[in-house]
Amino acid sequence: MSSVATGQRTISLTGLRLNARLGILDFEREAAQPICVDAQLNMGVQPLLPASDDITEVLDYRLARNAIISTCTAGHTDLLERLTGTLAQHLMALPGVQGVRVKITKLEIFDDCEVAIRVETGQW
């Protein structure tokens, strides 16, 4: 039996706001609109304490943030569902990621509500 204490590690990025070219309506095709991205990355069972205090011991969450920004600003996407799925795939490709939960919210599509799509993939 190992004496190293372990636990389930999840990285969360919440409330990342950026402008994306997204949607099928004329005004959505003309200009980028504000979105909000929330993402959770399941890193699986890991030691509670990394072997050292070195960033190479863990997933640098800057990689996840950069993947979100580059995916969501890469070009125009018609469907929110497609952008959400593409982002989930890109985050799943990061080192050590076993599962991803992604939610993208269109903040100004309607005057009376926000619209969001959430997708979950991999192991949870």
Measuring from atom [atom1] of [X] to atom [atom2] of [Y], what distance do you get when rounded to the nearest 0.5 angstrom?
X     : Y      : atom1 : atom2 : value
Leu83 : Glu81  : CG    : CD    : 10.0 Å
Thr10 : Gln98  : OG1   : CD    : 10.0 Å
Met92 : Asn42  : CE    : CG    : 9.0 Å
Ile35 : Ile104 : CD1   : CD1   : 5.0 Å

Taking all atoms of both residues into account, what is the closest heavy-atom pair of [X] and [Y], and its distance?
X     : Y      : value
Ile68 : Ala39  : CD1-CB, 4.1 Å
Ala88 : Val102 : CA-CG2, 4.1 Å
Leu87 : Ala67  : CD1-O, 4.0 Å
Glu57 : Ala51  : OE1-CB, 3.5 Å

**Study point:** Within one Ile-Leu-Val-Met-Phe-Trp-Tyr cluster: Leu63 and Ile69, side-chain cutoff 4.5 Å
**Key:**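 Yes, one cluster joins them.
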More than 12 non-hydrogen atoms from neighbouring residues, nucleotides or ligands closer than 6.0 Å to [atom1] on [X], yes or no?
X     : atom1 : result
Leu79 : CG    : yes
Ile24 : CD1   : no
Asp54 : CG    : yes

Practice item. Tell me, with the steps shown, if Leu41 and Met43 meet side chain to side chain contact (heavy atoms under 4.5 Å, CB included). Key: CA-CA 6 Å; Leu41 286 65; Met43 302 306 296; 4.2 Å; yes
**Study point:** Verdict with supporting geometry, Val97 and Leu91, side chain to side chain contact (heavy atoms under 4.5 Å, CB included)
**Key:** CA-CA 8 Å; Val97 174; Leu91 292 172; 5.6 Å; no
Identify all side-chain donor-acceptor contacts of residues 11-22 below 3.5 Å with residues at least two apart in sequence or on another chain.
unit_1	atom_1	unit_2	atom_2	d
Arg21	NH2	Arg29	O	2.7

Practice item. Return yes if some donor-acceptor pair links the side-chain N/O of His76 with the main-chain N/O of Ala32 below 3.5 Å, else return no. Key: no
Check your understanding: Is there a side chain to side chain contact (heavy atoms under 4.5 Å, CB included) between Val58 and Ile55 once you walk through the steps?
Key -> CA-CA 6 Å; Val58 297; Ile55 192 66; 4.0 Å; yes
List, one per line, each side-chain donor-acceptor pair under 3.5 Å for residues 107-123, sequence neighbours excluded.
unit_1	atom_1	unit_2	atom_2	d
Glu120	OE1	Arg101	NE	2.9

